[in-house]
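All residue numbers refer to positions in the sequence shown, counting from 1.
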Amino acid sequence: MKVYAFIFARAGSKQIKNKNLKKINGIPLILYSLNLAKKIKIIKKIFISTDSRKISNLAKKHGAQIIQRPKHLATNKSNELDSWKHAINELNKKKDFFDIFLSLPCTSPLRAKTDVLNSIKKFNKKKFDILVNITESSRNPFFNMVKKSKKNILNLAINKKKKYFRRQDVPKIFNLTTLAYVASPNYILKTKNILDGKVFGNIVPQKRAIDIDSDFDLDIAKLLLKR
């Protein structure tokens, strides 16, 4: 079983400038993913897909291999799935084939080694197309999430005939996290949406699954990592 880890880190970022190079406790975000991957023996190779020279130089210095990402796959509107396909195709061209695709986004610095190992183990055991990590949501579109009309009228995000008056009674809703994605390379190449196939949701603790998408998320991550 050949496991390859991929970290997709483009230069730009809409919410936080140079997000992937932002430091927490003196360590750039990208190195939290890279350093963790280096500790997992089952991972045979680590690749950084990027359009950034700074990120490339830092990644090479810490032992990763570089996949040069085209600029059209590194914009705010780019679909990351296309970058996944590009990375796999680049390796296929070199006849460097592997069994398991593992994506470790930079935005989850609180993930633990056990989280990644469990993700790989469960994916292997369950034989799904892809494994994603999820956390139970504190908000629910059937109960306390609303949408607003042009006239500022509020309605439940999912407004069905059946009404719920207690949070305990509503269908359970989960948040997708960026902790880790584990998939078959062939599935990645053929799918148009990662959730179109046979998807396994692995539940992880919310405190280790924070997804840094804003300055507020960054501040929370800094506090948690200091602990």
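- K2 forms no cation-pi arrangement with F98, by the criterion of a distance under 6.0 Å to the ring centre and an angle within 45° of the ring axis.
- When atom types are taken as modelled, the side chain of N124 and the backbone of I120 share no donor-acceptor pair closer than 3.5 angstrom.
- If you take CD1 on I66 and OG on S56, they are separated by 4.5 Å, rounding to the nearest 0.5 Å.
- When the side chains of ILVMFWY residues are joined at heavy-atom separations under 4.5 Å, either directly or via intervening members, L179 and L81 end up in two distinct hydrophobic clusters.
- With sequence neighbours excluded, the residues that form a salt bridge (Lys or Arg N to Asp or Glu O under 4.0 Å) with D96 are K45.
- Ring geometry, F8 versus F6: the interplanar angle falls under 30°, so the pair is classed parallel (tilted spans 30 to 60°).
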Test ring-ring contact (aromatic ring centres under 6.0 Å, His included) on F47 and Y4; report intermediate values, then the result.
CA-CA 8 Å; F47 297 90; Y4 283 5; 5.5 Å; yes
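- How far NZ of K22 is from CG of L218: 7.0 Å, rounded to the nearest 0.5 Å.
- Residues I46 and I100 share a hydrophobic cluster, clusters being chains of Ile/Leu/Val/Met/Phe/Trp/Tyr side chains in contact below 4.5 Å.
- Taking 4.5 Å as the limit, some side-chain heavy atom of K85 sits within range of a side-chain heavy atom of D82.
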Using residues 25-34 as the side-chain source, report each donor-acceptor pair under 3.5 Å to any protein atom, sequence neighbours left out, with the distance given to one decimal.
unit_1, atom_1, unit_2, atom_2, d
Y32, OH, I24, O, 2.7
S33, OG, L104, O, 3.2
S33, OG, P105, O, 3.0
S33, OG, R111, NH1, 3.0

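- Across F123, W84, Y187, a single residue satisfies ring pair (Phe, Tyr, Trp, His ring centres under 6.0 Å) together with F101, and that is W84.
- Here D51 pairs with K71 in a salt bridge; the nearest charged N to carboxylate O distance falls below 4.0 Å.
- With rounding to the nearest 0.5 angstrom, the CD atom of E90 is 13.0 Å from the CD atom of Q65.
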